[in-house]
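When a ligand or atom number is given, it counts from 1 through the structure's own listing order.
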Amino acid sequence: SSKYVLSQMHPMWQEPLAIPGGDRQSPIDIVVRKSVYDSELKPLVTDYDPQTCQQIWNNGYSFLVEYDDTTDKSTVKGGPLQDKYRLCQFHFHWGESNAWGSEHTVDRKLFSAELHLVHWNSDKYSLFEEAVMEENGLAVIGVFLKVGKRHEGLQKLVDALPAIRHKNSVVDFNRFDPACLLPSNTDDYWTYHGSLTTPPLTESVTWMVMKQHIEVSHDQLAVFRSLLFTSADEEVQKGMVNNFRVQQSPCGRTVRSSFS
Ligand SMILES: NS(=O)(=O)c1ccc(NC(=O)NCCCCO)cc1
Ligand SMILES: [Zn+2]
């Protein structure tokens with residue numbers, strides 16, 4: 001693979017010098033006064049079945065909660081989307097301190113962490129692997145996390161993390177309703193066309209970043225930081241922190257808002 005250079009803000013992985021034709025990369029800073037209100041944008045419609053929750057695992061970048069995406073049981077539609085998209089996983093990005101950790105920013109404001117709910121277009125494709133290569137293949141809901149009061153719904157997930165401290169560890173994880181992680185208001189969001197923020201960085205994502213953040217406690221976020229990037233057999237263990245990508249150029253893209 002091409003030589004990578006270590007990027008600033010010491011996130012854990014190295015950035016490729018350039019993605020061939022990469023003019024819609026993520027994450028970006030959302031400049032509120034440059035966003036354009038679009039009255040055609042509908043409310044997001046999520047319909048998640050907690051029974052489709054299968055496992056939680058440490059993939060060496062983040063921890064993923066994976067859902068059975070062989071049927072349309074957990075989906076998102078509406079918003080900027082023309083089709084129905086199936087939930088396949090959700091994960092987070094966070095910092096080593098509460099002062100930073102999110103991938104997107106709002107007028108340069110950093111949040112302590114960011115939740116990504118990853119969906120693929122099941123009206124047009126039959127597998128994630130197919131959809132990930134297509135312009136309208138993926139839809140990711142981004143939710144900012146702020147340190148404050150304890151998030152009751154998150155605790156079940158936090159309690160499972162010690163069992164997946166190392167890279168490639170996985171445990172069963174059932175009946176988790178990802179809707180509990182959404183803010184009360186999902187009608188207000190920003191949307192733009194971007195990419196995955198980790199390799200393969202493919203430009204197939206319709207991003208929907210929620211305006212309203214959720215709150216988690218300092219102690220809950222501290223458990224995220226107890227995870228490791230490294231597998232059990234590696235002699236040097238590295239704490240899983242700063243697993244966010246540096247911000248990318250907007251390249252003239254317009255961010256639309258669903259609210260005025
Ligand atoms: N951070 S992000 O942009 O939301 C993101 C989402 C998915 C992925 N890749 C992914 O889910 N690959 C796993 C494919 C397994 C299909 O079941 C990478 C980055
Ligand atoms: Zn992500």
| query | If you look at H93, which of its N/O/S atoms is nearest to the Zn ion (ligand 2)? | reply | NE2
| said: To check your reading of the model: name the closest protein heavy atom to atom 1 (N) of ligand 1, its residue, and the distance in Å. | reply: T197 OG1, 2.8 Å
| task | Spell out, as yes or no, whether a donor-acceptor pair under 3.5 Å connects the side chain of R175 to the backbone of C53. | result | no
| field | Numbered atoms of ligand 1 (with element) below 4.0 Å of H93, judged on heavy atoms | value | 1 (N)
| remark: The atoms of ligand 1 lying under 4.0 Å from a heavy atom of W207, numbered in the order shown, are 3 (O), 4 (O)
| remark: ring-ring contact (aromatic ring centres under 6.0 Å, His included) test vs F63 passes for just one of F90, W57, W94, namely W94
| request: Write out the residue and atom name of the closest protein heavy atom to atom 7 (C) of ligand 1, then the distance separating them to 0.1 Å. | output: Q89 NE2, 3.6 Å
| Is it true that the side chains of R165 and Q237 contain a donor and an acceptor less than 3.5 Å apart? | no
| said: Would D69 count as a polar contact of ligand 1, with the cut-off being nitrogen or oxygen pairs under 3.5 Å? | reply: no
| message | Hydrogens and angles aside, do S217 and D219 bring a side-chain donor and acceptor to less than 3.5 Å of each other? | response | no
| task | Write out the residue and atom name of the closest protein heavy atom to atom 17 (O) of ligand 1, then the distance separating them to 0.1 Å. | result | E129 OE2, 3.9 Å
| task | Could you check atom 5 (C) of ligand 1 against the protein and tell me its nearest heavy-atom contact, residue, atom and distance included? | result | L196 CD2, 3.7 Å
| Can E66 and Q55 be counted as having a side-chain donor-acceptor contact under 3.5 angstrom? | yes
| remark: T198 heavy atoms within 4.0 Å reach ligand 1 at atoms 18 (C), 19 (C)
| message | Quick check on side chain to side chain contact (heavy atoms under 4.5 Å, CB included): which of N136, V140, V132 does S204 satisfy it with? | response | V132
| said: Need the ligand 1 atom indices (1-based, order shown) with element for anything under 4.0 Å from a heavy-atom of V118. | reply: 4 (O), 6 (C)
| NE2 (H91) - the Zn ion (ligand 2) - ND1 (H116) angle, nearest 10° | 110°
| Are D29 and T105 close enough that a side-chain donor and a side-chain acceptor fall under 3.5 Å? | yes
| Between S26 and E103, is any side-chain donor less than 3.5 angstrom from a side-chain acceptor? | no
| field | Heavy-atom proximity to atom 10 (C) of ligand 1, best of Y67, F90, F128 | value | F128
